[in-house]
Structure formats: structure tokens, C-alpha cells
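All of these numbers come straight from a predicted model, not from anything done at the bench. Below, read A as the first sequence line, B as the second, and so on, with proteins coming before strands; counting in each chain starts at 1.
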Amino acid sequence: MLSITLPDQSVLSFEGPVTGAEIAAKIGVGLAKSALAVKVDGKPQDLSAPITRDAAVEIITAKTEDGLKIIRHTCSHVMAEAVQELYPETQVTIGPAIENGFYYDFARATPFTPADLEAIEKRMTEIVDRDEPIVREVKTRDEAVKFFEEKGEKYKVELIKDLPETETISFYRQGNFVDLCRGPHLPSTGKVGKGFKLMKLAGAYWRGDSSREQLQRIYGTAWADKKGLDAYLTQLEEAEKRDHRRIGKEMDLFHFEDVAPGDIFWHPHGWTLFQTLIDYERKRQNDAGYVEINTPQIMDKVLWETSGHWDWYRENMFTTTIEERTYCIKPMNCPGGILVFKQGIKSYRDLPQYIAEFGRVHRYEASGAIHGLFRVRAFTQDDAHIFCTPEQLEDECQKVVRLMLSIYEAFDLKDVSIKLSTRPAERIGSDELWDHTEAALAKALTDMGYKYTLNPGDGAFYGPKLDFKVRDAIGREWQLGTLQVDMNLPERFDVSYIGEDGEKHRPIMLHRALFGSLERFTGIMIENTAGKFPFWLAPLQIVVATITDDGCDYAKEVAAALKKAGLRVETDLRNEKISYKVREHSLKKVPVILAIGKREAADRTVAVRRLGEEKQTVMPLDDAIAEFKKNAARPHIDE
RNA sequence: GCCGGCAUGGCACAGUUGGUAGCGCAGUUGAUUUGUAAUCAUCAGGUCGGGGGUUCAAGUCCCUCUGCCGGCACCA
């Protein structure tokens, strides 16, 4: 007798070994039909696999993530089958399920074309219609190697040879297509359904290694049904509308030129936005006791030899040589910051010191890596270096985390996850010092009640670090802040302070950035808000638009009064219909339009129309100014 | 950097099998003075990313460079 426990805790009994398909059938006809695979004691397996002992069993359907994952994985096999039918000379490699879909990497002398993609998709539909049964087979290692060697599939042979000795080598067969695969899979190709689509072609290195050959990767998306697919495609369109490169153009924020790849030309409104971000952070950290410095853009190579960058970062650095002297355009701010700290003799009474720099750094990023504001070759770091004693470390970490989370919150980024990376195998510094610094970071977080995930061994060679990720309005995660303990640079630059005992001591240095790159953060804010910035951030807050020329003088007066109140305002006095003006400024996502007609001019009022609202509110000018000033309050500063 | 795709007036695009550049929006000028998401007309604007080649003829074909887009690799 065999007891099968279902998720609702009910128990089914069977005489002997039973399959997931049989269990599903016993529960109901509907479930038998929608069953894709089965979870046995939490482990997904084929519907046809026998269950030989008591177990907790859950039938997997397309409604769950597990189900979708299996659909996607099988879909990648269907694609591989289609490809080998159409292009028999193609070798298969790997084809996993990924978020929202799947891919398969193929080896083929001639790359696929977009037209091939259409043909492959068509053939996939046919394979789904054929509803080929998918059968699992187990082979010995030698059989498996022989099988693929005969087929000329050298990548598969390599994969098998690298599998651990203990691993069962399973194959999945559908029609004439056989693939090495751990599974599980759908019972037949028909279960893949109609909810898939091939999305894009890409080159991808074999085993992710850029020194190896490049394969042809085809990406696809797959869902439970056509409806799921359509919903996903719509979601993609929506995300595209948020693309900061597109909004940057629409709102006239910035542009790029061929002469400066990866470097930004900020337009007036974009620069205002950027400056507003910096001003906010500056005010917040000045309030928190930071001082701000600025250090040279170009410094002699010897500095970078001292810091070590010349050894391990040289290929990313821009250099320039003049008077037979080689200089580096700074890729990081820390060495400059240290030189400032080193001025004069520091006492323990001077610590901790918070030295901030909005430093513009240049880094050579590979041409293929450049991407809008997100990945550029010149950007501004919101850097700060904190020099403190080992005893102060924990307290200082807490202060940084508190400030960081409070500032994120001001930008409506409330979903933050924290990662603690600890000592790597290759490192400098004593184990005692690592014990102390790791514990200080961990304790700082737990004392404040913050959860974190541990990344053992992922710290920098010079110290442990905290990384901060935030989730945006449409669920994407961005790595923003970082807090790193550095035991290396103080050593290299021989930084010291005089302790209570009158002796020289080595301070601990913390690197800290809240947003990392402010250019990138600006891009993230554009996408997070879809260009509809909160009023305090909006580069242009108010447009005063006239309805007829009669209102011009008053409109100018209104604009001047708003400007005097510290608001960012422009006028639109053109000889156009008000609806034309409303449309234009709404498309540019200006938060407030003030319409000025005869009535407003006569009564000294304004007709307020807010972005996204159709209703208008007429109010006295002075009241409106007071309200806008309130709206413009910066979180945690003016309110 | 690698694979693939793309590059046409400020923006978004069309240009059939190579025959000598089109539309819309923006801009100009004029009319209209308008009450909340596009008023009408007028005019102007392009060595089709750069260089080279094939051809009687190249935006269309070939080579090459640059940049952009999608991935990969990279992201101290």
C-alpha cells in the first residue's frame, strides 16, 4: 500500500507504484486534462514517472510558476526539434527555461536570420499540432557519449563528460528529436499550446566564456495560453513606453552624439532634474554631518599605482600624456578623497570624518555595454568616504544605512533588499579584522531590525560590503547603494590618526554611495515614474498658458510670481487654442497647467489643471502659489 | 570586445526587381483670438551616417569605418 498526501492534506491510497497521471485522474477528469507534471515531496518530475513510496504529491498545472517553467522548458525542446528539422546541420547545446520564456543555443556556421525565425516558429506550431509523446530514457555514460558522437553533437558530448559520476543521464525523446536533459517535461508536445512566440536572436558564448566559440541563441517567450502571451506582449509595450531613452527625447531631457559615445548631453530640463537630485542628496547628507570636497579630474599615473588601480583597473581607464608625463582621468574618487583626508595630522578627536564628493568619473566601458543613462563612460558618483576607528565602525554603518533608506524612501523606493558579502578566498587583512568588520556590518543591520541575505565569499579583497537593491514601480530590481569596508587603501596610502595613547593608528575607511551613478539613477527615476515626476522633482513644474492674447500681461505676472516663490515655471503665450497647449504640455508631462483667460485676468485667479486630471480648479493666485509651494516641499527637508 | 540587425530633413517614418528623394508632426509666413489632449492655409528644409567600389545610372548592390538597437561577455 502506498499513501499519497495531497496539498489539502487528504490522503489517497494505491495498491502499488503509481504515476502522477494516475493520481490526477483519480482526483478528477479536469485535473487529469490540465496536469502537466507532478511534484513529489517538493521535487518536480514527469507525469509518467512511477512513485514507489509514500509521498506528498502536488499536481502541477499551467496555473503555477512550476507549470510555466515546464511549459517553457519543453517549448525550448520543441524549438530545437524545429531547428534540427529545418537545418539538420545545426548542433544543439543547451536550452533552459528562463524568466518569461526560454532560449536555446545552437551551433551553426551560418547565423540565423529573422526570416529563419519565422520559419522556425511555423514549424514549432506544426510540432505542437503533431502532439508527439515525450518519453524519458536513461542511458549509461558510455552509451550517451556514443549516441551524441555518432550524431556529431560535440557540445552534448562535452556536457556529458562534465556531468558528475553520480548523475543519472536522462534523455527526452519526442518524434525524431532526442535531447540530453534532466527534465521534467510535458507529457507531449501538444501541451505546449499556442502561448509561445520567438522573440530575438543573439550571439552567446559557449558556457558563457568569451574565449570560447560563439553560438546562436534564440529567445522565446511561452505562457499557459494565447491570452497569457498577449498579456505579456502588452506588458512589454508598456515597459517600452517607460524607456528612459524614449522619454528623454520626448521630454527633451538629454541626447547623445556619435562624437562622444557613452557620454551625455544634458538639455536644460534634464540638467535641472539632475541638479535637483544632487541638491537633495547634498542637503540631506550635509544635515547628517558630511562635508563636501572636490578633487582633480586628471591625476598622475603614480597616484593610481599607489592606489593599485593601475594594476587591476588599467584597461578601464582613460589616460592622457603630456610633457612626457602620463595622467589618468579618474575612474574613482577614493584616492583623491584620501589625499584630502591626509592633509594635516588627524587626531582621534577628528574621527569619524564624513567626506563626500559628487565626483565625475570616466571609465572605459566596452562599446557593447553602453546603454542610455544606465551604462555610460562618464558619470557622477555620489561618493563619500568615512574615516573612523574600528570601535566606531558599527555605529557609522548604522548611520549610513539609516540615511540611505530614508533618502530612498523620499523617492518612493520603499522595497529595499540588503545583501552582505563576506571575505573572499583571496584577501588582505587579518582574520581578526575580518571578523570584526563583518560582525559590525551584520550587527548594524540586525540591531536596526533589517533583514539581509548573506553572500559568503563575495566581498571585495579589501573588505566586506553591503549592497542595496530597490524594486521599482513595475517590479524591476536595481542595485543602487553600496557600503564597503576598506582595509586596503588606508594601508597603501599610509593613512593614520593619532590615538588617545599618542601613537599612530590606522583608521578604517568606508566607501559609501547611495545611488552609485547619478546619471543612472536619473534614468531609473525616469522609468520608475514614466516621466511623471513628483512635483518637487519635476524639471518644469508649471506652465502658464494663455487662452487669448488678452491674458498675456497677467500670465507674465503670474509666472514671475511663481518663479519668485521658487517654482520652476514657463509661459506659453502662443497664439494657439488652449486645447492645443494642454495637449502639448500634457504630453511633456508637466504636472500643472495654469490657464489664463479673460476671467482669470479680471479676477486675479488661475485655472489649475493637474496632469492626468480633467477637472480644473479656479483659485486666487495667492492661494495657488501657497499650494504649489506646499506641493514642492522636498521629503524630509521642507516637510 | 563578440554575434545579429539598423542608420533617409529637428522628430517619427515611406521609398517597389538599381533609373536620379516622399508623407506626417515640428519650423516659417499668413489668416484665426480660440475655455482645457491637435484651427486652416502657405513656404522652406535632405551631399539618404562617413569613406571606397561595382554600374551608363546607387538611398537601393559590394567592401570598410563610425554610431545606435537586441543579446552575449564585461560592470572594483
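The side chain of A:Ala202 has B:G71 as its nearest neighbour among B:U36, B:G71, B:G1. The side chain of A:Ser586 has B:A37 as its nearest neighbour among B:A73, B:A37, B:U33. The side chain of A:Ala607 has B:U36 as its nearest neighbour among B:A73, B:U36, B:A76. Counting only heavy atoms from C-beta on, A:Ala366 has its side chain closest to B:A73 among B:A73, B:G71, B:G67. Here the nucleotide nearest the side chain of A:Ile370, chosen from B:U33, B:C68, B:C3, is B:C68. In this structure, of B:A37, B:A12, B:G70, it is B:A37 that holds the atom nearest to the side chain of A:Arg583. When distances run from any side-chain atom of A:Tyr364 to the nucleotides B:G1, B:U33, B:C68, the shortest one goes to B:G1. Picking from B:A76, B:C11, B:C3 the nucleotide with the shortest atom distance to the side chain of A:Pro111 gives B:C3. Comparing B:A38, B:C74, B:U36 by their nearest atom to the side chain of A:Tyr580 picks out B:A38.
A distance of about 28 Å separates the C1' atoms of B:G18 and B:G24, rounded to the whole Å.
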Can you list the steps and then say if A:Phe379 with A:His362 is a ring-ring contact (aromatic ring centres under 6.0 Å, His included)?
-> CA-CA 7 Å; A:Phe379 60 96; A:His362 288 73; 8.9 Å; no
Determine, stepwise, if the pair A:Lys342 / A:Val495 fulfils side chain to side chain contact (heavy atoms under 4.5 Å, CB included).
-> CA-CA 6 Å; A:Lys342 277 188 71 173; A:Val495 181; 4.1 Å; yes
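Ionic pairing of A:Arg471 and A:Glu477 is present here: one or more N-O contacts between side-chain nitrogen and carboxylate oxygen are shorter than 4.0 angstrom. Ionic pairing of A:Asp162 and A:Arg207 is present here: one or more N-O contacts between side-chain nitrogen and carboxylate oxygen are shorter than 4.0 angstrom. Using a 4.0 Å cut-off between charged side-chain N and carboxylate O, A:Glu250 and A:Lys241 make no salt bridge. Under the 4.0 Å criterion applied to side-chain N and carboxylate O atoms, A:Lys469 and A:Asp467 are not assigned as salt-bridge partners.
On a pure distance criterion of 3.5 Å, a polar donor-acceptor pair joins the side chain of A:Arg375 and the base of B:C74. One can find a donor-acceptor pair under 3.5 Å joining the base of B:U33 and the side-chain atoms of A:Asp549. The base of B:A37 sits with one of its N or O atoms less than 3.5 Å from a complementary donor or acceptor on the side chain of A:Arg609. A:Gln214 contributes no side-chain N or O that forms a donor-acceptor pair with the base of B:G1 under 3.5 Å.
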Starting at the 5' end of RNA chain B, write a dot or bracket for each base, bracketing those in Watson-Crick or G-U wobble pairs whose two distances are under 3.5 Å and using | for partners on another strand.
-> (((((((..((.(.....[..).)).(.(((.......))).).....(((((..]....))))))))))))....
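In this model, the phosphate group of B:C69 is approached by a side-chain N or O of A:Arg245 to a distance below 4.0 Å at OP1 or OP2.
Proximity of residues 587-599 of chain A to RNA chain B (heavy atom under 4.0 angstrom from any strand atom) is restricted to A:Leu587, A:Ala595, A:Gly597, A:Lys598, A:Arg599.
For CD of A:Glu315, the number of neighbouring non-hydrogen atoms (other residues, nucleotides, ligands) closer than 6.0 Å is greater than 12.
Comparing A:Phe256 and A:Trp312, the nucleotide of RNA chain B nearest to each residue sits closer to the 5' end for A:Phe256.
At whole-Å resolution of the value, CG in A:Leu480 and P in B:C75 are 19 Å apart.
For A:Arg217 and A:Tyr103, the positive end sits near the middle of the six-membered ring, less than 6.0 Å away and at most 45° from its axis.
Scored by the ring-ring contact (aromatic ring centres under 6.0 Å, His included) test, A:Tyr354 finds A:Tyr290 as partners (sequence neighbours excluded).
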